[in-house]
Number of protein chains: 2
Amino acid sequence: MGEQGPELEIVHLLRRVTSEFGLRQAEFAARHGMHPTDVRALVCLLDAERDGTGVTAGRLGAELGLNSAGTTALIDRLERLGHLTRTRDERDRRRVLLRVAPQAVELGWEAFGPAIGSAVALLRGFDAGEVAAVRRFLDGFLAAVSQGGAAGTGA
Amino acid sequence: MGEQGPELEIVHLLRRVTSEFGLRQAEFAARHGMHPTDVRALVCLLDAERDGTGVTAGRLGAELGLNSAGTTALIDRLERLGHLTRTRDERDRRRVLLRVAPQAVELGWEAFGPAIGSAVALLRGFDAGEVAAVRRFLDGFLAAVSQGGAAGTGA
DNA sequence: GATATTGTCTCGCTCAGCGAGATGATATCC
DNA sequence: GGATATCATCTCGCTGAGCGAGACAATATC
C-alpha cells in the first residue's frame, strides 16, 4: 500500500483536502453556535438561491441525508438563529419553501470567502490548459463518486 | 455571485466533491453500523499505519476535533466492533496505542477502493503536465486551507 | 366523494459528543 | 528522594442531533 504512482498520491491528497475542509467547517460552525450539518444546509440553500431554484424542506433533507424529523429540527434551528424563513408554497400548500436571510448569505461568504480567495489566487498562476486539467479531474471524479463509485457501494 | 470566471467554478466543483464524498462516507458508515466519525477515525488510523506512525488516543481525538471523553467513547465503539485494539505504551504508560485490525484495513479498501479506482482511471487519460497541475492545485489548496485560510478564520 | 399519496410536523427515544473532574503515569524542582 | 505540576486517558452526568413511527394536512387518482 506504499508508493504506487502519482495517481494514488493525488487521491490521497484529495481525501486530505476534503477532510481538512470538513474540520474547518466544523470549527466555523461551532464558532457561530451551529453544527456542521447546519453549515452544510446553509450551503445547499445558498446554492439554490444562486441557481434561482426554490428549496423545500424535503429537498433540503434529502440533499443532506436526513429524515423528515431531523430536517424539521434542522430548519427549526436555522429559523431560530434567523438564517431562514419558512413560507407556505401557495401552489402546493403541503410544501414549505425556505428562504435564506441576508445575514446567512454574509455568513456563507465569511465561511468560504477565504478558501475561494486562496484557490483563485492559486489558479492565477496556472495557464489555461492547467486550469482545464484541474476542472476536468474534479468534474470526472465528482461524476464517478456521485453515481455510487465511492464509499463501497460495490461499484 | 454569478459567473465570475473559471476559478470560482473550480472552487464550487471542489466543494461539491467534498460534500458528495462526505455523503457517501456517511452512507457507508450507516451500512456498516458505524457513524461518519468512526469512518474518519478509521482513515486516520490507516494513514498512520501506512506511515508507520503509532497513533495514540489523544492524537486521534485531536485529528478529529473531539475532546477526550468523546475520543474514549469513539475508541470504545471501534474496539467493540473489532476494528481496533488498545495497547498500553510501555515507554510511556500513560499512553494508549491504537492498532487497527486486519478487518478494518479491508473495510477501508471497501470504502475507498472504488473512488481510488475511478480517480486512477481518470488520471490515466492525463499527460504528465496535467497530472502535475492537478497535484499542484490540490497541494496548494490544502496548504492554504490548513493554515486557517478557510472557514472564516478571519484570514 | 372515497382512497391513495405526498410533504411536513410531533412525539419518544437512542446515543454521539461535551464539560468537569478523577486517576495513574511522567517530568520538574528543591 | 519526596512534594508538585503536567500529561494521557477514563468516568460520570448531561445536552441535543437525528431516527422511527405515526399524525395530519393538502394534493392526485379513481
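To find a chain, count down the sequence lines: A is the first, B the second, and so on, and within it residues start at 1.
If you measure from atom CZ of R59(B) to atom C1' of dC7(D), you get 17 Å, rounded to the nearest angstrom. What separates CG of L74(A) from C1' of dC19(D) is a distance of 14 Å, to the nearest Å. dG16(D) atom C1' lies 15 Å from atom NE2 of H35(B), rounded to whole Å. Atom-to-atom, CD of E63(B) to C1' of dA8(D) comes out at 17 Å; the value is rounded to the nearest Å. Rounded to a whole Å, the CG atom of N67(B) is 12 Å from the C1' atom of dT9(D). Note: CD1 (I75(B)) to P (dT11(D)) measures 11 Å, nearest angstrom. One can place CG of L84(B) at 13 Å from P of dT9(D), the figure rounded to the nearest angstrom. Spacing between atom CG of L66(B) and atom C1' of dA8(D) amounts to 16 Å, rounded to whole angstrom units.
Residue contacts for T71(B): at a heavy-atom cut-off of 4.0 Å it reaches no nucleic acid atom on any strand shown. Within the nucleic acid shown, T37(A) comes within 4.0 Å of sugar-phosphate atoms alone, with no base atom in reach, counting heavy atoms only. Within 4.0 Å (heavy atoms only), A69(A) reaches at least one base atom of the nucleic acid. Residue G65(B) is in sugar-phosphate contact alone, with no base atom involved, counting any heavy-atom pair closer than 4.0 Å across all strands shown.
For the OP1/OP2 pair of dG16(D) and a distance below 4.0 Å, the side-chain nitrogens and oxygens of R80(A) include no atom meeting the criterion.
Note on the helix from dG1(C)-dC30(D) to dC30(C)-dG1(D): angle between the axes of the first and last five pairs equals 20°, rounded to 10 degrees.
Linking Ile, Leu, Val, Met, Phe, Trp and Tyr residues whenever their side-chain heavy atoms come within less than 4.5 Å leaves L42(A) and L97(A) in two separate clusters. A continuous path of Ile, Leu, Val, Met, Phe, Trp and Tyr side chains, each step under 4.5 Å between heavy atoms, connects L46(A) with L78(A), placing both in one hydrophobic cluster. Note on F112(B): it clusters hydrophobically with L64(B), by side-chain heavy-atom contacts below 4.5 Å among ILVMFWY residues. Cluster annotation: F28(B) and V11(A) are assigned to the same hydrophobic cluster (Ile/Leu/Val/Met/Phe/Trp/Tyr, side-chain heavy-atom contacts under 4.5 Å, transitive).
Of the two residues near DNA chain D, R77(A) and A57(B), the one whose nearest nucleotide lies more 5' is A57(B). Nearest-nucleotide positions on DNA chain D place T56(B) closer to the 5' end than the other of A73(A) and T56(B).
Heavy atoms of other residues, nucleotides or ligands lying less than 6.0 angstrom from CZ of R77(B) number more than 12.
When all heavy atoms of P36(A) and A29(A) are compared, the pair lying nearest together is N-CB, 3.8 Å.
Under a 3.5 Å cut-off, the side chain of R86(B) and the backbone N or O of V96(B) do not form any donor-acceptor pair. Here the side chain of Q25(A) pairs no donor or acceptor atom with the backbone of V39(A) at under 3.5 angstrom.
With salt bridges taken as basic N to acidic carboxylate O contacts below 4.0 Å, one links R15(B) and D47(A).
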Distance-only donor-acceptor hits, side chain of residues 129-145 of chain A, under 3.5 Å, sequence neighbours excluded:
| unit_1 | atom_1 | unit_2 | atom_2 | d |
| --- | --- | --- | --- | --- |
| E130(A) | OE1 | D127(A) | N | 3.0 |
| E130(A) | OE1 | R136(B) | NH2 | 3.3 |
| E130(A) | OE2 | R136(B) | NH2 | 3.2 |
| R135(A) | NH1 | E9(B) | OE1 | 3.2 |
| R136(A) | NH2 | E130(B) | OE1 | 3.3 |
| R136(A) | NH2 | E130(B) | OE2 | 3.2 |

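Against DNA chain D, the stretch residues 85-98 of chain A makes heavy-atom approaches under 4.0 Å through R91(A), D92(A), R93(A), R94(A).
When distances run from any side-chain atom of S68(A) to the nucleotides dT9(D), dG22(D), dC18(C), the shortest one goes to dG22(D).
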